[in-house]
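So you know, we letter chains A, B, ... as the sequences are listed, proteins then strands, and number each from 1.
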2 protein chains.
Amino acid sequence: MTTEPITPLRSSDALGEIANVPLGERIADQLRQQILDGELAPGTPLVEIALASELGVSRAPVREALRILGLDGLVETVPYRGTTVRGLHRRDVEELYRMRALHEGFAIRRIVDTGRHRDLAELHACCDAMAASGSDARALNLVDERFHATLIELADHALLTTFWRTIAMQVRQVMAMCNRQIADPMVIAANHRRIVDAIASADAQTAITLLEQHIGDVIDQVLNEWSRGDARR
Amino acid sequence: MTTEPITPLRSSDALGEIANVPLGERIADQLRQQILDGELAPGTPLVEIALASELGVSRAPVREALRILGLDGLVETVPYRGTTVRGLHRRDVEELYRMRALHEGFAIRRIVDTGRHRDLAELHACCDAMAASGSDARALNLVDERFHATLIELADHALLTTFWRTIAMQVRQVMAMCNRQIADPMVIAANHRRIVDAIASADAQTAITLLEQHIGDVIDQVLNEWSRGDARR
DNA sequence: TAGTGTTACATTGTCGACAATCGATTGTTC
DNA sequence: GAACAATCGATTGTCGACAATGTAACACTA
């Protein structure tokens, strides 16, 4: 658990964004990154005083950070016992993806129902980027993430966005543990393009069916990888 | 904002449940109760030091409690600005109920798909209790809550349960602000019974349609009450 | 008066120290 | 040797005080 001292730099990047972010949030960002990248494996205990001394801060902001991560569903806290990186069982993974399909399907229906299916430029761009990603697995993952995030954004539903954020976070955590490349970028790009086309022609039902098929495939592949690789937790 | 000193009693009720619950959680329970009962109106600022002195504790457990309530979606916290009881706009209410319909529909499909639609005794009992609730609005609300909670439980999906808990919490908050009695208990009981029957005959699609209709009606009534009564926040 | 800089205050963020709790280890008794 | 009680160490929970931040009121300038 090599947790480097946090950078005292402002965490913002956009111009003019000089908001002062509390220590706790910056620590949460850093730990989240490590969890999502697989550096902090599921089950790893996150001891407050240890993290505090490693980061050169007191326990208060560390507690704050652990609370935030709990809100993201990335850690589990038991009173008087401590906090650990959440272990993902086979069942959790399956539930996660079914939930994801449910929410994205809802997003599609909403996009069509509210007539927002004519502004799909960003989604098309994502498909193009997927096809062009070649063998760069990292780039493919990023684009895929952007595609689905855009889908949710288009639905224009704050509560949906909140829930989906939690789901996407855990999905990313799962992906980090499936190191092996999953599928052919061209196939993935084609799958997504079919979904976008169905949305564009206001055919929500077809789009949802395609999406569920796609996610169903991903579940199979991930779970396959899961049972073979390591019985984590 | 009459916040009474927290009871030092163990918060448990079940026999033998002598688990020691941290102060923060007990404070969260108390504040949640007040928010859900409408005692703490949306927009009410929750000042840490004020709550701490009122409750006779330090700020640490109060902060903890506010964090927990944030996780429930009942309060909003802005860094360096403070925490307030979440204001519910018309749009939030609409999003909330659509989300609820989505999740309960998912639960129904899952109950049917996994063949769990033969153990609906509890749901039937709820319908009976609804019909028998007469003019006791409070009792009707409680039974309604139990009905939908049971539906979610039957789906046997941990992540769904987590999400639904948040939704149910906010629904209860909305209900607390719609003081006027919404509808005839007998009608509500009949509506629910139709849904249960459809589930029992493994007809998920019909059950979901009925559910969506039912929730659609509730949305209309609540939003109607909403726009007339008070333009809260 | 409109606009700007400054100051004061209320509130949250952070810190270090102490108390409470849990699990395991050790010691004791039969 | 097994069952039970006391003890210990590790960790979280709670506390009070101080620092950092943001808002609003105020004085000042043009």
Side-chain angles (χ1 to χ4, degrees), chain A residues 1 3 5-12 16-31 40 43-71 74-87, chain B residues 1 3 5-12 16-31 40 43-71 74-87:
Chain A
M1 180 165 51
T3 309
I6 54 170
T7 67
L9 296 173
R10 312 286 176 161
S11 71
S12 64
E17 273 283 353
I18 50 172
N20 216 328
V21 178
L23 261 180
E25 288 188 27
R26 276 181 283 168
I27 296 173
D29 288 343
Q30 176 169 329
L31 289 176
L40 263 42
T44 305
L46 299 177
V47 180
E48 294 176 3
I49 194 170
L51 288 172
S53 68
E54 280 179 38
L55 296 168
V57 299
S58 90
R59 278 177 53 210
V62 173
R63 282 176 73 85
E64 181 84 20
L66 295 181
R67 261 357 99 64
I68 295 174
L69 294 178
L71 196 134
L74 294 178
V75 303
E76 283 175 327
T77 299
V78 179
Y80 296 109
R81 291 283 315 260
T83 303
T84 58
V85 179
R86 177 149 184 253
Chain B
M1 179 165 51
T3 308
I6 54 170
T7 67
L9 298 173
R10 312 288 176 161
S11 72
S12 64
E17 272 283 353
I18 49 172
N20 217 326
V21 177
L23 261 180
E25 289 188 28
R26 276 181 282 168
I27 296 173
D29 288 343
Q30 176 169 329
L31 289 176
L40 262 41
T44 305
L46 299 176
V47 180
E48 295 176 3
I49 194 170
L51 289 173
S53 68
E54 280 179 37
L55 297 168
V57 298
S58 92
R59 277 177 55 208
V62 172
R63 280 175 76 85
E64 183 82 21
L66 295 181
R67 238 40 74 55
I68 294 174
L69 294 178
L71 195 136
L74 295 178
V75 303
E76 283 176 327
T77 298
V78 179
Y80 296 108
R81 290 280 317 255
T83 303
T84 58
V85 179
R86 178 150 183 253

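Between A:Arg59 atom CZ and C:dG13 atom P the separation is 18 Å, expressed in whole Å. One can place CD1 of B:Ile49 at 11 Å from P of D:dG16, the figure rounded to the nearest angstrom. Distance A:Leu51 CG to C:dC15 P: 14 Å, rounded to the nearest Å. Atom CD of B:Glu76 and atom P of C:dT12 are 15 Å apart (whole Å). As a whole-Å value, the separation of A:Leu55 CG from C:dT14 C1' is 14 Å. Separating the CZ atom of B:Arg63 from the P atom of D:dT14 is a distance of 14 Å, rounded to the nearest angstrom. In this structure, A:Glu64 places its CD atom 15 Å from P of D:dT14, rounding to the nearest Å.
Nearest nucleotide to the B:Tyr80 side chain, out of C:dG13, D:dC15, C:dT21: C:dG13. Distances were taken from every side-chain heavy atom of A:Leu23 (C-beta onward) to each of C:dC15, D:dC15, D:dG22; the shortest belongs to C:dC15. Distance from the side chain of A:Pro61 is smallest to C:dC15 among C:dC15, C:dT12, D:dG13. Checking D:dT12, C:dT14, D:dT21 against the side-chain heavy atoms of A:Ser58 singles out C:dT14 as nearest. Each of D:dT12, C:dT12, D:dC15 was ranked by its minimum atom distance to the side chain of A:Glu48; first place goes to D:dT12. Considering only the side chain of B:Pro22, D:dT14 comes nearest among C:dC22, C:dT11, D:dT14.
Regarding contacts with the backbone of D:dT23, a side-chain N or O of B:Arg81 is found under 4.0 angstrom from either OP1 or OP2.
Note: A:Leu40 CG to A:Leu74 CG = 10.5 Å, rounded to the nearest 0.5 Å. To the nearest 0.5 angstrom, B:Glu64 atom CD is 4.0 Å from A:Arg67 atom CZ. If you take CG on B:Leu69 and OG1 on B:Thr77, they are separated by 9.0 Å, rounding to the nearest 0.5 Å.
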Kindly determine whether A:Val75 and A:Thr84 satisfy side-chain contact (heavy atoms from CB on, under 4.5 Å), including the steps that lead there.
CA-CA 6 Å; A:Val75 303; A:Thr84 58; over 6 Å; no
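The backbone N or O of B:Ala60 sits less than 3.5 Å from a side-chain atom of B:Ser58, completing a donor-acceptor pair.
Each of A:Ala60 and B:Leu66 was matched to the nucleotide of DNA chain C holding its nearest heavy atom; the match closer to the 5' end belongs to B:Leu66.
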